[in-house]
Structure formats: C-alpha cells, structure tokens
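Note that these values count all heavy atoms, side chains included, but never hydrogens, waters or copies made by symmetry.
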Amino acid sequence: MPKSRIRKKSDFTPPPAPSKQATAIRLTNRSWVAPVMLALFLIGLAWIVVFYVTEGDLPVQSLDNWNIVVGFGFIAAGFGVSTQWK
C-alpha cells in the first residue's frame with residue numbers, strides 16, 4: 001500500500017496588534033482597606049463575645065438580643081469593605 005504524503009503545517013502567526021497604544025490603568029492607593037476590614041471584623045467579633053460573656057448586660061443592654069445583629073452588621077460591613085481590596 002502506498003504511503004500518504006505528510007502535509008507540513010505552517011507555523012502559527014498571531015494577528016497584528018492594533019495600532020492604538022494601550023491605556024495605562026491607574027490603580028489608586030488602597031492601603032486603608034485591609035486595616036479597616038480587619039478592624040470591622042474584630043469589632044463585630046468582640047461585640048458578640050462581650051454580649052455573651054456578660055449575659056446580655058453589655059455592650060448595649062437596651063438592645064437585648066439585637067446586639068447579635070449589630071455584631072454581625074460590623075462583620076458584614078467588613079466583608080463589604082473587602083470588595084475594595086485589590
């Protein structure tokens with residue numbers, strides 16, 4: 001049986017680059033994000049821990065069990081701030 005001819009594939013050449021120059025992306029200084037995020041996490045955690053340790057007397061006695069919601073609110077705010085981290 002005769003052998004088939006092997007076709008030589010041409011090398012891939014990428015399409016030419018567009019003539020426009022790439023615009024520089026200016027990243028702003030966001031050094032404040034990590035400390036604020038961690039502070040909010042810790043404040044929320046401390047709020048909930050203090051509420052449980054003092055059996056509801058602290059941090060704000062008039063809020064009663066809503067103190068837990070306030071603590072988780074601080075933690076949620078920390079997650080909200082974390083979206084700004086680059």
One should read off an interatomic distance between Trp85 CH2 and Arg30 CZ, to the nearest 0.5 angstrom, of 13.0 Å
Could you list the donor-acceptor pairs under 3.5 angstrom formed between side-chain atoms of residues 66-81 and any protein atom two or more places apart in sequence or on another chain?
{"residue": "Asn67", "atom": "OD1", "partner": "Trp47", "partner atom": "NE1", "Å": "3.2"}
{"residue": "Asn67", "atom": "ND2", "partner": "Val60", "partner atom": "O", "Å": "2.8"}
{"residue": "Asn67", "atom": "ND2", "partner": "Asp64", "partner atom": "O", "Å": "3.0"}

Hey, any chance Trp32 and Ile43 share a hydrophobic cluster, counting ILVMFWY side chains that come within less than 4.5 Å of each other, even indirectly? yes
Mind checking what makes side chain to side chain donor-acceptor pair (under 3.5 Å) contact with Gln61, not counting sequence neighbours? none
Between Asn65 and Phe51, is a side-chain contact (heavy atoms from CB on, under 4.5 Å) present by the stated rule, with each step listed? CA-CA 9 Å; Asn65 286 336; Phe51 174 72; 3.4 Å; yes
Apart from Leu45 itself, what residues make up its hydrophobic cluster, given side-chain heavy atom links below 4.5 Å? Val49, Val53
Could you tell me which residues satisfy ring-ring contact (aromatic ring centres under 6.0 Å, His included) with Tyr52, sequence neighbours excluded, listed by chain and number? none
